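Here's the structure we're looking at; comments come further down.
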Amino acid sequence: MEIEILQSLGWKLSGPTPHDFIDYFLEAMPGVDGTSLDLAKRLSKALVEPAMTKYTTLLHYPSEIAFVSICCAMYHVDTSLMNNLPFLQMISGLDFRHGSLRLLYGTMICLVREVTYDVNNRAAAAFCNLQESEETESSLARTLSQRSIMEDI
């Protein structure tokens with residue numbers, strides 16, 4: 001009996017996630033540059049991950065979380081993308097001026113700072129590690145060249 005139910009459902013047992021709505025909303029957006037759209041999509045999805053760990057965020061529907069994360073991403077990637085806000089509001093049925101969405105936006109703005117801070121720190125750490133490895137390689141090369149000079153003498 002259970003197998004028949006699962007087969008009739010196509011084995012789809014979970015509800016929609018914010019990631020599903022991000023894909024849907026951004027693919028429906030007309031006339032947006034591919035690069036800006038890709039960056040907005042990546043940032044939106046990066047924002048959703050830590051947002052889903054906050055209790056206050058979980059009180060919202062997945063479509064609302066996706067909507068607000070897209071708004072934050074569009075603002076931070078390219079402010080001209082915010083011209084698409086009326087279209088996004090139309091297809092989502094959500095109004096950005098609604099009080100609970102404004103609060104969620106505030107939460108997402110804090111997450112943008114955390115995510116970009118984390119990315120910048122990782123980039124800085126990678127840069128420092130790269131410099132350290134270059135310094136190690138150059139000091140190793142100097143040591144080897146000094147040894148070869150000493151062997152020649």
Side-chain angles (χ1 to χ4, degrees), residues 1-140:
M1 176 71 168
E2 288 85 0
I3 296 295
E4 291 174 22
I5 294 171
L6 290 171
Q7 287 175 340
S8 67
L9 292 173
W11 295 87
K12 296 181 181 175
L13 301 178
S14 64
T17 66
H19 288 279
D20 297 325
F21 285 101
I22 289 170
D23 292 334
Y24 172 73
F25 291 154
L26 289 178
E27 287 171 8
M29 209 171 288
V32 177
D33 176 28
T35 305
S36 297
L37 186 67
D38 184 51
L39 287 172
K41 187 178 200 176
R42 289 180 23 212
L43 181 56
S44 297
K45 289 186 175 190
L47 289 173
V48 165
E49 294 300 322
M52 296 305 290
T53 63
K54 309 264 187 228
Y55 175 74
T56 55
T57 304
L58 295 176
L59 298 174
H60 295 275
Y61 292 112
S63 59
E64 293 175 334
I65 297 168
F67 173 78
V68 172
S69 70
I70 290 170
C71 290
C72 287
M74 288 190 319
Y75 180 77
H76 283 86
V77 168
D78 184 1
T79 54
S80 68
L81 289 174
M82 290 302 285
N83 295 334
N84 293 308
L85 184 60
F87 178 79
L88 186 60
Q89 288 178 326
M90 182 191 70
I91 64 171
S92 67
L94 298 170
D95 186 359
F96 192 68
R97 295 170 294 190
H98 189 269
S100 66
L101 293 182
R102 284 288 188 180
L103 292 173
L104 183 57
Y105 182 76
T107 301
M108 289 287 186
I109 289 296
C110 293
L111 291 174
V112 167
R113 290 184 186 129
E114 289 175 18
V115 166
T116 54
Y117 180 76
D118 185 45
V119 168
N120 289 338
N121 280 347
R122 280 189 274 151
F127 180 72
C128 290
N129 289 339
L130 179 65
Q131 278 189 327
E132 287 174 8
S133 65
E134 287 175 355
E135 289 171 5
T136 304
E137 288 174 10
S138 64
S139 66
L140 180 62

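The structure displayed is predicted, hence computed values, not measured ones.
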Under 3.5 Å, which donor-acceptor pairs link side chains of residues 101-110 to any protein atom two or more places apart or in another chain?
unit_1	atom_1	unit_2	atom_2	d
Thr107	OG1	Leu103	O	3.3

Tightest non-hydrogen contact, residues Pro18 and Met52, listed as CG-SD, 4.0 Å

So salt bridge (charged side-chain N to carboxylate O under 4.0 Å, His left out) across residues 47-68, not counting sequence neighbours, yields none

Thr56 meets the side-chain hydrogen bond (donor to acceptor under 3.5 Å, both in side chains) criterion, sequence neighbours left out, with none

Here the gap from Lys45 atom NZ to Ile70 atom CD1, rounded to the nearest 0.5 Å, amounts to 9.5 Å

Scanning both residues in full, the closest heavy-atom pair of Ala73 with Ser44 reads CB-OG, 3.3 Å

Residues at least two apart in sequence or cross-chain that pass side chain to side chain contact (heavy atoms under 4.5 Å, CB included) with Ile91, listed by chain then number, are Phe25, Ala28, Phe87, Leu88

Exercise for the section: Take Leu37 and Glu27 through the test side-chain contact (heavy atoms from CB on, under 4.5 Å) and record every step on the way to the result. Expected result: CA-CA 9 Å; Leu37 186 67; Glu27 287 171 8; over 6 Å; no

For His76, the side-chain hydrogen bond (donor to acceptor under 3.5 Å, both in side chains) test, sequence neighbours excluded, returns none

Across all chains, not counting sequence neighbours, the side-chain hydrogen bond (donor to acceptor under 3.5 Å, both in side chains) partners of Asn83 are none

Sorted by chain and number, sequence neighbours left out, salt bridge (charged side-chain N to carboxylate O under 4.0 Å, His left out) with Asp20 holds for none

Closest non-hydrogen atoms of Ser92 and Phe67, given as atom of the first, atom of the second and distance, are OG-CD1, 3.6 Å

Here the pair of heavy atoms bringing Ile22 nearest to Ser69 is CD1-OG, 3.7 Å

What one should report as the nearest heavy-atom pair of Ala40 and Leu81 is CB-CD1, 4.3 Å

Met82 meets the side chain to side chain contact (heavy atoms under 4.5 Å, CB included) criterion, sequence neighbours left out, with Met74, Tyr75, Leu85

Hits for side-chain hydrogen bond (donor to acceptor under 3.5 Å, both in side chains) against Asn84, two or more places apart or cross-chain, chain-then-number order -> none

